[in-house]
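Note that ligands are numbered from 1 as they come in the structure, with each ligand's atoms numbered from 1 the same way.
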Amino acid sequence: MDKQTTFDFVVAANRLPVDAVEREDGEVEWRRSPGGLVTAMDSVMRGRDGAWVGWAGTPGEAPAPFESEGMWLHPVPVSAEEIEHYYEGFSNDTLWPIYHDVIVPARFRRTWWHAYRRVNERFAEAVCEVAAKGATVWVHDYQLQLVPELVRERRPDVRIGWFNHIPFPPVELFAQLPWRAPLLRGLLGADYLGFQRTADAQNFVRACRSYLGATTKGDRVTLPAEDGQPTRTVRASAVPISIDVASLTELARSESVQQRAQEIRASLGDPKTLLLGVDRLDYTKGIRHRLKAYEELFEDGALSCPDVTLVQVATPSRERVDAYKRLRTQIETTVGRINGTYSTVGATAVHYLHQSYDRAEMAALYLAADVMLVTPLRDGMNLVAKEYVACRHDLGGALVLSEFTGAYHELSQAFICNPHDIEGLKQTIMRAITGDERTKRRMMSALRKRVTHNDVTRWANHFLANLEASPEKPA
Ligand code: ADP
Ligand code: F6P
(Lines give C-alpha, C1' and ligand atoms only; values in the text may rest on other atoms or scores of the structure.)
(Ligands and ions follow the chains in the order given, each with its own letter.)
Protein backbone atom coordinates (compact mmCIF):
# COMPACT_ATOMS: atom_id res chain seq x y z
CA MET A 1 0.00 0.00 0.00
CA ASP A 2 1.53 3.29 -0.98
CA LYS A 3 -1.27 5.53 0.31
CA GLN A 4 -2.42 6.49 3.77
CA THR A 5 -3.00 3.09 5.38
CA THR A 6 -5.69 3.84 7.95
CA PHE A 7 -8.91 5.81 7.65
CA ASP A 8 -11.38 7.60 9.92
CA PHE A 9 -14.31 6.32 7.87
CA VAL A 10 -14.52 2.65 6.88
CA VAL A 11 -17.31 0.88 5.04
CA ALA A 12 -17.56 -2.93 5.00
CA ALA A 13 -19.91 -4.66 2.57
CA ASN A 14 -19.85 -8.11 1.00
CA ARG A 15 -19.04 -6.63 -2.40
CA LEU A 16 -16.72 -3.81 -3.35
CA PRO A 17 -18.44 -1.20 -5.56
CA VAL A 18 -16.61 -2.78 -8.50
CA ASP A 19 -16.18 -6.43 -9.51
CA ALA A 20 -12.96 -7.78 -11.02
CA VAL A 21 -13.80 -9.46 -14.33
CA GLU A 22 -11.10 -11.34 -16.23
CA ARG A 23 -11.13 -10.48 -19.92
CA GLU A 24 -10.31 -13.00 -22.67
CA ASP A 25 -6.78 -11.55 -23.00
CA GLY A 26 -6.19 -12.32 -19.29
CA GLU A 27 -6.33 -8.64 -18.22
CA VAL A 28 -8.55 -7.73 -15.26
CA GLU A 29 -11.30 -5.21 -15.90
CA TRP A 30 -13.28 -3.58 -13.04
CA ARG A 31 -17.06 -3.36 -13.57
CA ARG A 32 -19.70 -1.82 -11.33
CA SER A 33 -21.18 -4.41 -8.94
CA PRO A 34 -24.90 -5.19 -9.06
CA GLY A 35 -27.52 -4.12 -6.51
CA GLY A 36 -28.98 -1.26 -4.52
CA LEU A 37 -26.31 -1.25 -1.81
CA VAL A 38 -23.63 -0.23 -4.29
CA THR A 39 -25.90 2.36 -5.95
CA ALA A 40 -26.46 4.07 -2.59
CA MET A 41 -23.06 3.71 -0.95
CA ASP A 42 -21.12 4.68 -4.05
CA SER A 43 -22.77 8.12 -3.84
CA VAL A 44 -22.15 8.34 -0.08
CA MET A 45 -18.45 7.52 -0.41
CA ARG A 46 -17.77 10.11 -3.10
CA GLY A 47 -16.07 13.10 -1.58
CA ARG A 48 -15.24 11.30 1.69
CA ASP A 49 -11.73 10.19 2.38
CA GLY A 50 -12.73 6.65 3.32
CA ALA A 51 -11.94 3.00 2.78
CA TRP A 52 -14.30 0.30 1.48
CA VAL A 53 -13.62 -3.27 2.58
CA GLY A 54 -15.27 -5.95 0.39
CA TRP A 55 -14.99 -8.96 -1.88
CA ALA A 56 -13.81 -8.34 -5.46
CA GLY A 57 -16.26 -10.87 -6.93
CA THR A 58 -13.71 -13.49 -8.00
CA PRO A 59 -12.47 -16.63 -6.19
CA GLY A 60 -9.09 -16.94 -4.52
CA GLU A 61 -6.38 -14.46 -3.79
CA ALA A 62 -7.54 -10.87 -3.47
CA PRO A 63 -6.12 -8.09 -5.66
CA ALA A 64 -3.88 -5.59 -3.81
CA PRO A 65 -5.71 -2.62 -2.24
CA PHE A 66 -6.05 0.33 -4.61
CA GLU A 67 -7.57 3.75 -5.00
CA SER A 68 -10.61 4.26 -7.20
CA GLU A 69 -12.55 7.51 -7.69
CA GLY A 70 -11.39 8.92 -4.37
CA MET A 71 -12.10 5.71 -2.39
CA TRP A 72 -9.56 3.31 -0.96
CA LEU A 73 -10.72 -0.18 -1.95
CA HIS A 74 -9.49 -3.00 0.26
CA PRO A 75 -10.36 -6.42 -1.28
CA VAL A 76 -10.98 -9.39 1.02
CA PRO A 77 -10.10 -12.85 -0.38
CA VAL A 78 -12.92 -15.41 -0.63
CA SER A 79 -12.02 -18.91 -1.89
CA ALA A 80 -14.08 -20.85 -4.44
CA GLU A 81 -15.36 -23.11 -1.65
CA GLU A 82 -16.27 -20.08 0.51
CA ILE A 83 -18.17 -18.51 -2.39
CA GLU A 84 -20.22 -21.72 -2.46
CA HIS A 85 -20.70 -21.99 1.32
CA TYR A 86 -20.59 -18.41 2.66
CA TYR A 87 -22.06 -16.43 -0.27
CA GLU A 88 -24.27 -18.79 -2.31
CA GLY A 89 -25.03 -21.07 0.66
CA PHE A 90 -25.48 -19.34 4.01
CA SER A 91 -26.05 -15.78 2.73
CA ASN A 92 -28.29 -16.53 -0.22
CA ASP A 93 -29.82 -19.97 0.40
CA THR A 94 -30.28 -19.77 4.20
CA LEU A 95 -30.57 -16.12 5.29
CA TRP A 96 -32.05 -14.61 2.10
CA PRO A 97 -35.17 -16.86 2.06
CA ILE A 98 -35.70 -16.52 5.84
CA TYR A 99 -35.41 -12.72 5.61
CA HIS A 100 -37.83 -12.63 2.63
CA ASP A 101 -40.91 -14.42 4.01
CA VAL A 102 -39.62 -17.90 2.97
CA ILE A 103 -40.86 -17.36 -0.60
CA VAL A 104 -38.67 -20.41 -1.32
CA PRO A 105 -37.65 -22.83 1.46
CA ALA A 106 -34.45 -22.01 3.34
CA ARG A 107 -31.68 -24.63 3.46
CA PHE A 108 -29.62 -25.17 6.59
CA ARG A 109 -26.10 -26.60 6.38
CA ARG A 110 -23.60 -26.53 9.25
CA THR A 111 -20.67 -26.31 6.82
CA TRP A 112 -22.20 -23.12 5.37
CA TRP A 113 -22.46 -21.58 8.83
CA HIS A 114 -18.80 -22.40 9.55
CA ALA A 115 -17.75 -20.72 6.31
CA TYR A 116 -19.94 -17.68 7.11
CA ARG A 117 -18.23 -17.32 10.48
CA ARG A 118 -14.77 -17.71 8.94
CA VAL A 119 -15.38 -15.13 6.21
CA ASN A 120 -16.94 -12.68 8.72
CA GLU A 121 -13.77 -13.03 10.82
CA ARG A 122 -11.66 -12.22 7.78
CA PHE A 123 -13.76 -9.12 7.06
CA ALA A 124 -13.44 -8.03 10.69
CA GLU A 125 -9.66 -8.37 10.52
CA ALA A 126 -9.51 -6.37 7.29
CA VAL A 127 -11.67 -3.64 8.86
CA CYS A 128 -9.34 -3.44 11.88
CA GLU A 129 -6.36 -3.17 9.54
CA VAL A 130 -7.67 -0.06 7.77
CA ALA A 131 -9.58 1.64 10.65
CA ALA A 132 -7.68 4.52 12.31
CA LYS A 133 -7.90 4.98 16.08
CA GLY A 134 -11.45 6.09 16.98
CA ALA A 135 -12.67 5.53 13.41
CA THR A 136 -16.31 5.21 12.35
CA VAL A 137 -16.97 1.75 10.89
CA TRP A 138 -20.15 1.22 8.88
CA VAL A 139 -20.97 -2.45 8.25
CA HIS A 140 -23.62 -3.40 5.67
CA ASP A 141 -26.20 -6.10 5.17
CA TYR A 142 -27.02 -9.68 6.08
CA GLN A 143 -23.80 -11.19 4.76
CA LEU A 144 -21.79 -9.54 7.57
CA GLN A 145 -23.94 -9.90 10.70
CA LEU A 146 -21.09 -11.22 12.86
CA VAL A 147 -18.67 -8.44 11.91
CA PRO A 148 -19.86 -5.84 14.49
CA GLU A 149 -19.10 -8.13 17.45
CA LEU A 150 -15.84 -9.39 15.90
CA VAL A 151 -14.61 -5.83 15.31
CA ARG A 152 -15.62 -4.73 18.82
CA GLU A 153 -13.64 -7.59 20.39
CA ARG A 154 -10.55 -6.48 18.51
CA ARG A 155 -11.06 -2.71 18.48
CA PRO A 156 -13.08 -1.26 21.39
CA ASP A 157 -11.91 2.22 20.30
CA VAL A 158 -14.00 2.38 17.09
CA ARG A 159 -17.63 3.33 16.66
CA ILE A 160 -19.60 0.63 14.81
CA GLY A 161 -22.85 0.97 12.88
CA TRP A 162 -24.67 -1.69 10.84
CA PHE A 163 -27.38 -1.17 8.22
CA ASN A 164 -29.63 -3.88 6.84
CA HIS A 165 -30.55 -3.34 3.19
CA ILE A 166 -33.08 -6.17 3.25
CA PRO A 167 -36.04 -6.83 5.57
CA PHE A 168 -35.49 -8.27 9.06
CA PRO A 169 -37.87 -11.22 9.49
CA PRO A 170 -40.65 -11.63 12.05
CA VAL A 171 -39.58 -13.69 15.07
CA GLU A 172 -41.70 -16.65 13.89
CA LEU A 173 -39.47 -17.02 10.79
CA PHE A 174 -36.17 -15.95 12.40
CA ALA A 175 -36.83 -18.72 14.96
CA GLN A 176 -36.05 -21.35 12.31
CA LEU A 177 -32.37 -20.38 12.18
CA PRO A 178 -30.27 -22.81 14.23
CA TRP A 179 -27.76 -19.95 14.64
CA ARG A 180 -30.25 -17.23 15.68
CA ALA A 181 -28.53 -16.43 19.01
CA PRO A 182 -24.96 -15.95 17.66
CA LEU A 183 -26.35 -13.84 14.78
CA LEU A 184 -28.12 -11.52 17.23
CA ARG A 185 -25.04 -11.32 19.45
CA GLY A 186 -22.95 -10.53 16.37
CA LEU A 187 -25.20 -7.58 15.53
CA LEU A 188 -25.31 -6.32 19.10
CA GLY A 189 -21.56 -5.70 18.84
CA ALA A 190 -22.60 -2.52 16.97
CA ASP A 191 -23.36 0.79 18.68
CA TYR A 192 -26.30 1.47 16.39
CA LEU A 193 -28.36 -0.72 14.02
CA GLY A 194 -30.30 0.79 11.11
CA PHE A 195 -33.21 -0.90 9.27
CA GLN A 196 -35.35 -0.01 6.26
CA ARG A 197 -38.72 -0.02 8.08
CA THR A 198 -39.85 0.41 11.68
CA ALA A 199 -41.34 -3.10 11.47
CA ASP A 200 -37.85 -4.51 10.68
CA ALA A 201 -36.32 -2.78 13.71
CA GLN A 202 -39.18 -4.02 15.88
CA ASN A 203 -38.71 -7.59 14.62
CA PHE A 204 -35.05 -7.39 15.60
CA VAL A 205 -35.82 -6.00 19.07
CA ARG A 206 -38.39 -8.75 19.63
CA ALA A 207 -35.91 -11.44 18.54
CA CYS A 208 -33.37 -10.12 21.08
CA ARG A 209 -35.99 -10.42 23.82
CA SER A 210 -36.99 -13.92 22.76
CA TYR A 211 -33.59 -15.49 22.13
CA LEU A 212 -31.05 -13.56 24.21
CA GLY A 213 -33.16 -12.71 27.24
CA ALA A 214 -32.39 -9.05 26.54
CA THR A 215 -34.48 -6.33 28.15
CA THR A 216 -35.92 -3.83 25.68
CA LYS A 217 -37.45 -0.40 25.94
CA GLY A 218 -38.79 1.14 22.72
CA ASP A 219 -35.95 0.94 20.21
CA ARG A 220 -33.27 0.08 22.82
CA VAL A 221 -31.96 -3.39 23.56
CA THR A 222 -29.97 -4.04 26.75
CA LEU A 223 -27.92 -7.19 27.12
CA PRO A 224 -27.48 -8.47 30.66
CA ALA A 225 -23.96 -8.47 32.14
CA GLU A 226 -22.24 -11.82 31.58
CA ASP A 227 -18.72 -13.33 31.56
CA GLY A 228 -17.39 -10.29 33.38
CA GLN A 229 -18.74 -8.00 30.60
CA PRO A 230 -20.89 -5.02 31.69
CA THR A 231 -24.44 -4.53 30.35
CA ARG A 232 -24.61 -3.03 26.91
CA THR A 233 -27.39 -0.99 25.30
CA VAL A 234 -27.83 -0.77 21.55
CA ARG A 235 -30.39 1.24 19.61
CA ALA A 236 -32.21 -0.24 16.58
CA SER A 237 -34.40 2.02 14.43
CA ALA A 238 -35.61 2.71 10.89
CA VAL A 239 -33.58 4.85 8.47
CA PRO A 240 -35.03 4.23 4.97
CA ILE A 241 -32.38 4.30 2.24
CA SER A 242 -32.57 6.46 -0.88
CA ILE A 243 -30.76 7.47 -4.06
CA ASP A 244 -28.76 10.41 -5.37
CA VAL A 245 -31.85 12.21 -6.66
CA ALA A 246 -30.13 15.37 -7.95
CA SER A 247 -27.54 13.60 -10.08
CA LEU A 248 -30.07 11.16 -11.55
CA THR A 249 -32.54 13.94 -12.33
CA GLU A 250 -29.76 15.90 -14.00
CA LEU A 251 -28.81 12.86 -16.07
CA ALA A 252 -32.45 12.34 -17.09
CA ARG A 253 -32.67 16.02 -18.10
CA SER A 254 -29.64 15.77 -20.38
CA GLU A 255 -30.21 16.11 -24.10
CA SER A 256 -28.55 12.77 -24.84
CA VAL A 257 -30.71 10.77 -22.40
CA GLN A 258 -33.93 12.43 -23.64
CA GLN A 259 -32.96 11.65 -27.21
CA ARG A 260 -32.07 8.07 -26.29
CA ALA A 261 -35.49 7.67 -24.61
CA GLN A 262 -37.14 8.65 -27.89
CA GLU A 263 -34.89 6.29 -29.82
CA ILE A 264 -35.87 3.44 -27.47
CA ARG A 265 -39.56 4.08 -28.10
CA ALA A 266 -38.99 4.34 -31.84
CA SER A 267 -37.00 1.11 -31.93
CA LEU A 268 -39.87 -0.64 -30.14
CA GLY A 269 -42.24 0.51 -32.91
CA ASP A 270 -43.57 3.57 -31.05
CA PRO A 271 -46.15 1.67 -28.99
CA LYS A 272 -49.02 3.63 -27.43
CA THR A 273 -48.03 2.19 -24.05
CA LEU A 274 -44.59 1.06 -22.97
CA LEU A 275 -44.46 -0.90 -19.72
CA LEU A 276 -41.13 -1.47 -17.97
CA GLY A 277 -39.76 -3.84 -15.32
CA VAL A 278 -36.19 -3.58 -13.98
CA ASP A 279 -35.08 -6.15 -11.44
CA ARG A 280 -32.28 -8.47 -10.46
CA LEU A 281 -33.52 -11.89 -11.58
CA ASP A 282 -34.66 -12.77 -8.05
CA TYR A 283 -37.76 -14.63 -6.84
CA THR A 284 -38.43 -11.83 -4.34
CA LYS A 285 -39.14 -9.36 -7.16
CA GLY A 286 -42.50 -10.87 -8.23
CA ILE A 287 -41.55 -11.05 -11.92
CA ARG A 288 -43.62 -14.23 -12.39
CA HIS A 289 -46.72 -12.59 -10.89
CA ARG A 290 -46.23 -9.54 -13.10
CA LEU A 291 -45.93 -11.69 -16.24
CA LYS A 292 -48.99 -13.72 -15.24
CA ALA A 293 -51.08 -10.54 -14.92
CA TYR A 294 -49.70 -9.19 -18.21
CA GLU A 295 -50.42 -12.46 -20.06
CA GLU A 296 -53.99 -12.57 -18.72
CA LEU A 297 -54.58 -8.99 -19.86
CA PHE A 298 -53.65 -10.13 -23.39
CA GLU A 299 -55.86 -13.21 -23.00
CA ASP A 300 -58.77 -11.00 -21.91
CA GLY A 301 -58.23 -8.71 -24.92
CA ALA A 302 -57.55 -5.70 -22.65
CA LEU A 303 -54.04 -5.37 -24.13
CA SER A 304 -52.69 -6.24 -27.56
CA CYS A 305 -49.73 -5.73 -29.88
CA PRO A 306 -48.61 -3.38 -31.40
CA ASP A 307 -50.32 -0.92 -29.01
CA VAL A 308 -48.61 -2.26 -25.92
CA THR A 309 -45.23 -3.72 -25.18
CA LEU A 310 -43.33 -4.67 -22.02
CA VAL A 311 -39.57 -4.28 -21.61
CA GLN A 312 -38.40 -6.55 -18.82
CA VAL A 313 -34.78 -6.02 -17.76
CA ALA A 314 -33.77 -9.00 -15.60
CA THR A 315 -30.24 -8.50 -14.33
CA PRO A 316 -28.24 -11.74 -13.95
CA SER A 317 -27.95 -12.62 -10.25
CA ARG A 318 -26.68 -15.54 -8.09
CA GLU A 319 -26.75 -17.77 -11.12
CA ARG A 320 -25.41 -20.91 -9.44
CA VAL A 321 -28.05 -21.04 -6.68
CA ASP A 322 -30.78 -23.61 -7.58
CA ALA A 323 -33.76 -21.37 -6.77
CA TYR A 324 -32.34 -18.71 -9.12
CA LYS A 325 -31.69 -21.27 -11.89
CA ARG A 326 -35.28 -22.51 -11.60
CA LEU A 327 -36.64 -18.95 -11.64
CA ARG A 328 -34.70 -18.12 -14.79
CA THR A 329 -36.12 -21.17 -16.58
CA GLN A 330 -39.66 -20.28 -15.47
CA ILE A 331 -39.36 -16.64 -16.55
CA GLU A 332 -37.80 -17.44 -19.90
CA THR A 333 -40.42 -20.12 -20.62
CA THR A 334 -43.21 -17.69 -19.76
CA VAL A 335 -41.75 -14.92 -21.91
CA GLY A 336 -41.41 -17.40 -24.79
CA ARG A 337 -45.04 -18.48 -24.39
CA ILE A 338 -46.39 -14.91 -24.22
CA ASN A 339 -44.40 -13.88 -27.27
CA GLY A 340 -45.35 -17.05 -29.19
CA THR A 341 -49.03 -16.41 -28.53
CA TYR A 342 -49.43 -12.63 -28.60
CA SER A 343 -46.55 -11.03 -30.57
CA THR A 344 -47.23 -10.11 -34.18
CA VAL A 345 -44.83 -9.74 -37.08
CA GLY A 346 -42.90 -6.59 -36.20
CA ALA A 347 -44.43 -6.17 -32.70
CA THR A 348 -43.19 -8.08 -29.67
CA ALA A 349 -45.26 -8.46 -26.50
CA VAL A 350 -42.29 -8.83 -24.12
CA HIS A 351 -38.73 -7.63 -24.72
CA TYR A 352 -36.68 -9.65 -22.25
CA LEU A 353 -33.15 -8.34 -21.55
CA HIS A 354 -30.87 -10.44 -19.33
CA GLN A 355 -28.09 -7.82 -19.27
CA SER A 356 -26.58 -4.92 -17.33
CA TYR A 357 -26.65 -1.32 -18.55
CA ASP A 358 -24.94 1.93 -17.65
CA ARG A 359 -26.75 4.66 -15.69
CA ALA A 360 -27.54 6.75 -18.77
CA GLU A 361 -29.25 3.82 -20.52
CA MET A 362 -31.23 3.05 -17.34
CA ALA A 363 -32.32 6.70 -17.11
CA ALA A 364 -33.38 6.63 -20.78
CA LEU A 365 -35.43 3.47 -20.19
CA TYR A 366 -37.16 5.07 -17.18
CA LEU A 367 -37.89 8.19 -19.19
CA ALA A 368 -39.26 6.15 -22.09
CA ALA A 369 -41.65 4.05 -19.99
CA ASP A 370 -45.31 5.00 -19.55
CA VAL A 371 -45.80 2.54 -16.71
CA MET A 372 -43.13 1.19 -14.35
CA LEU A 373 -43.99 -2.18 -12.79
CA VAL A 374 -42.44 -2.73 -9.35
CA THR A 375 -44.18 -5.82 -7.96
CA PRO A 376 -41.94 -7.55 -5.36
CA LEU A 377 -43.34 -10.14 -2.97
CA ARG A 378 -40.91 -8.72 -0.39
CA ASP A 379 -38.19 -6.10 -0.82
CA GLY A 380 -36.15 -4.14 1.73
CA MET A 381 -36.60 -0.86 -0.16
CA ASN A 382 -36.53 -1.13 -4.00
CA LEU A 383 -34.41 1.71 -5.32
CA VAL A 384 -35.67 1.14 -8.86
CA ALA A 385 -39.02 2.67 -7.81
CA LYS A 386 -37.24 5.77 -6.51
CA GLU A 387 -35.00 5.98 -9.59
CA TYR A 388 -38.05 5.95 -11.88
CA VAL A 389 -39.63 8.81 -9.95
CA ALA A 390 -36.35 10.78 -9.88
CA CYS A 391 -36.06 10.51 -13.68
CA ARG A 392 -39.63 11.69 -14.37
CA HIS A 393 -38.87 15.44 -14.22
CA ASP A 394 -41.47 15.72 -17.01
CA LEU A 395 -44.14 14.46 -14.52
CA GLY A 396 -44.94 11.76 -17.10
CA GLY A 397 -45.29 8.06 -16.40
CA ALA A 398 -47.03 6.03 -13.70
CA LEU A 399 -45.60 3.84 -10.96
CA VAL A 400 -47.26 0.53 -10.04
CA LEU A 401 -45.80 -0.36 -6.65
CA SER A 402 -46.16 -3.41 -4.42
CA GLU A 403 -47.20 -2.86 -0.83
CA PHE A 404 -44.51 -5.35 0.18
CA THR A 405 -41.61 -3.03 -0.61
CA GLY A 406 -39.92 -0.62 1.79
CA ALA A 407 -40.55 2.06 -0.87
CA TYR A 408 -44.32 1.70 -0.37
CA HIS A 409 -44.00 3.32 3.07
CA GLU A 410 -42.77 6.55 1.44
CA LEU A 411 -44.48 6.32 -1.96
CA SER A 412 -48.01 5.32 -1.05
CA GLN A 413 -49.38 7.83 -3.61
CA ALA A 414 -48.34 5.43 -6.40
CA PHE A 415 -50.66 2.83 -8.00
CA ILE A 416 -50.43 0.37 -5.12
CA CYS A 417 -50.84 -3.37 -5.67
CA ASN A 418 -50.75 -6.70 -3.86
CA PRO A 419 -48.86 -8.88 -6.38
CA HIS A 420 -50.40 -12.08 -4.95
CA ASP A 421 -53.81 -10.82 -6.03
CA ILE A 422 -53.53 -11.30 -9.80
CA GLU A 423 -57.01 -9.93 -10.49
CA GLY A 424 -56.23 -6.82 -8.42
CA LEU A 425 -52.82 -6.47 -10.07
CA LYS A 426 -54.44 -6.58 -13.53
CA GLN A 427 -56.89 -3.84 -12.53
CA THR A 428 -54.09 -1.69 -11.09
CA ILE A 429 -52.00 -2.06 -14.25
CA MET A 430 -55.02 -1.04 -16.34
CA ARG A 431 -55.68 1.99 -14.11
CA ALA A 432 -52.05 3.03 -14.52
CA ILE A 433 -52.35 2.68 -18.32
CA THR A 434 -55.74 4.31 -18.85
CA GLY A 435 -55.82 6.77 -15.93
CA ASP A 436 -56.51 10.42 -16.56
CA GLU A 437 -53.27 12.22 -17.50
CA ARG A 438 -53.83 15.16 -15.14
CA THR A 439 -54.39 12.86 -12.19
CA LYS A 440 -51.27 10.90 -13.08
CA ARG A 441 -49.18 14.06 -13.25
CA ARG A 442 -50.45 15.08 -9.83
CA MET A 443 -49.52 11.65 -8.49
CA MET A 444 -46.03 11.85 -9.98
CA SER A 445 -45.54 15.32 -8.58
CA ALA A 446 -46.44 14.07 -5.07
CA LEU A 447 -44.06 11.10 -5.47
CA ARG A 448 -41.25 13.40 -6.59
CA LYS A 449 -41.66 15.54 -3.49
CA ARG A 450 -41.22 12.49 -1.28
CA VAL A 451 -38.20 11.16 -3.16
CA THR A 452 -36.49 14.54 -3.36
CA HIS A 453 -37.04 15.17 0.34
CA ASN A 454 -35.26 12.00 1.48
CA ASP A 455 -32.24 11.58 -0.79
CA VAL A 456 -29.17 9.43 -0.20
CA THR A 457 -27.19 12.18 1.54
CA ARG A 458 -29.99 12.76 4.01
CA TRP A 459 -30.18 8.99 4.61
CA ALA A 460 -26.42 8.69 5.26
CA ASN A 461 -26.40 11.78 7.51
CA HIS A 462 -29.39 10.46 9.43
CA PHE A 463 -27.70 7.08 9.93
CA LEU A 464 -24.38 8.62 10.99
CA ALA A 465 -26.09 11.05 13.37
CA ASN A 466 -27.91 8.14 15.03
CA LEU A 467 -24.60 6.30 15.29
CA GLU A 468 -22.92 9.33 16.80
CA ALA A 469 -25.73 9.66 19.36
CA SER A 470 -25.78 5.94 20.24
CA PRO A 471 -26.27 5.12 23.92
CA GLU A 472 -22.84 3.46 24.35
CA LYS A 473 -19.62 5.35 23.57
CA PRO A 474 -16.50 3.54 22.35
CA ALA A 475 -13.79 2.91 24.96
P1 ADP B 1 -31.58 -4.91 -5.23
O2 ADP B 1 -30.67 -4.22 -4.29
O3 ADP B 1 -32.37 -6.01 -4.59
O4 ADP B 1 -30.93 -5.38 -6.48
P5 ADP B 1 -32.85 -2.29 -5.82
O6 ADP B 1 -34.04 -1.98 -6.67
O7 ADP B 1 -32.88 -1.66 -4.46
O8 ADP B 1 -32.73 -3.88 -5.72
O9 ADP B 1 -31.52 -1.80 -6.51
C10 ADP B 1 -31.16 -2.23 -7.80
C11 ADP B 1 -30.13 -1.29 -8.37
O12 ADP B 1 -29.48 -1.94 -9.47
C13 ADP B 1 -30.71 -0.01 -8.91
O14 ADP B 1 -29.82 1.05 -8.67
C15 ADP B 1 -30.85 -0.29 -10.42
O16 ADP B 1 -30.75 0.86 -11.22
C17 ADP B 1 -29.66 -1.18 -10.65
N18 ADP B 1 -29.93 -2.12 -11.76
C19 ADP B 1 -30.90 -3.03 -11.82
N20 ADP B 1 -30.85 -3.71 -12.97
C21 ADP B 1 -29.81 -3.21 -13.65
C22 ADP B 1 -29.23 -3.49 -14.93
N23 ADP B 1 -29.71 -4.46 -15.73
N24 ADP B 1 -28.18 -2.76 -15.32
C25 ADP B 1 -27.68 -1.80 -14.51
N26 ADP B 1 -28.17 -1.49 -13.31
C27 ADP B 1 -29.22 -2.18 -12.88
O1 F6P C 1 -29.72 -5.33 -1.06
C2 F6P C 1 -29.64 -6.68 -1.24
C3 F6P C 1 -28.38 -7.20 -1.91
O4 F6P C 1 -28.08 -8.45 -1.53
C5 F6P C 1 -27.17 -6.37 -1.64
O6 F6P C 1 -26.41 -6.86 -0.61
C7 F6P C 1 -26.47 -6.43 -2.95
O8 F6P C 1 -26.08 -5.15 -3.30
C9 F6P C 1 -27.50 -6.84 -3.98
O10 F6P C 1 -28.58 -7.30 -3.30
C11 F6P C 1 -26.94 -7.76 -5.03
O12 F6P C 1 -26.74 -9.07 -4.60
P13 F6P C 1 -25.39 -9.86 -4.83
O14 F6P C 1 -24.31 -9.10 -4.16
O15 F6P C 1 -25.65 -11.20 -4.23
O16 F6P C 1 -25.18 -9.92 -6.32
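- Applying the side chain to side chain donor-acceptor pair (under 3.5 Å) criterion to Arg392, with sequence neighbours excluded, gives Tyr388, Asp394.
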Identify all pairs of nitrogen or oxygen atoms, one from ligand 1 and one from the protein, separated by less than 3.5 Å, and list them with distances.
residue	atom	partner	partner atom	Å
ligand 1	2 (O)	Gly36	N	2.7
ligand 1	3 (O)	Arg280	NH2	2.9
ligand 1	3 (O)	Lys285	NZ	2.9
ligand 1	4 (O)	Arg280	NE	2.7
ligand 1	6 (O)	Leu383	N	3.1
ligand 1	6 (O)	Val384	N	3.2
ligand 1	7 (O)	Leu383	N	2.9
ligand 1	8 (O)	Lys285	NZ	3.1
ligand 1	9 (O)	Gly36	N	3.3
ligand 1	14 (O)	Thr39	OG1	2.8
ligand 1	14 (O)	Glu387	OE2	2.5
ligand 1	16 (O)	Glu387	OE1	2.6
ligand 1	16 (O)	Glu387	OE2	3.3
ligand 1	20 (N)	Thr315	OG1	2.6
ligand 1	23 (N)	Thr315	OG1	3.0
ligand 1	23 (N)	Gln355	O	2.8
ligand 1	24 (N)	Tyr357	N	2.8

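- No hydrogens or angles considered: nothing links the side chains of Ser33 and Arg15 as a donor-acceptor pair under 3.5 Å.
- Salt bridge absent: Glu319 and Lys325 never bring a charged side-chain N and a carboxylate O closer than 4.0 Å.
- When the side chain to side chain donor-acceptor pair (under 3.5 Å) test is applied to Arg253, no partner is found at least two apart in sequence or on another chain.
- No donor-acceptor contact under 3.5 angstrom links the side chains of Tyr192 and Arg235, judged on distance only.
- For Trp55 and Tyr87, the gap between ring centers is short of 6.0 Å.
- Applying the side chain to side chain donor-acceptor pair (under 3.5 Å) test between Lys285 and each of Asp279, Asp379, Thr315 identifies Asp379 as the sole match.
- Both the sub-6.0 Å distance and the 45° axial angle are satisfied by Arg318 relative to the ring of Trp96.
- Side-chain contact check for Arg32 and Ser356: no donor-acceptor pair (N or O, by modelled atom type) lies under 3.5 Å.
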Are any protein N/O atoms closer than 3.5 Å to the N/O atoms of ligand 2? If there are, list each pair with names and the distance to one decimal place.
residue	atom	partner	partner atom	Å
ligand 2	4 (O)	Tyr142	OH	3.1
ligand 2	4 (O)	Arg318	NH2	2.9
ligand 2	6 (O)	Asp141	OD2	2.5
ligand 2	6 (O)	Gln143	NE2	3.4
ligand 2	10 (O)	Arg318	NH2	3.4
ligand 2	12 (O)	Arg318	NH2	2.9
ligand 2	14 (O)	Arg15	NE	2.7
ligand 2	15 (O)	Tyr87	OH	2.6
ligand 2	15 (O)	Arg318	NE	2.8
ligand 2	15 (O)	Arg318	NH2	3.2
ligand 2	16 (O)	Arg15	NE	3.3
ligand 2	16 (O)	Arg15	NH2	3.1
ligand 2	16 (O)	Tyr87	OH	3.4

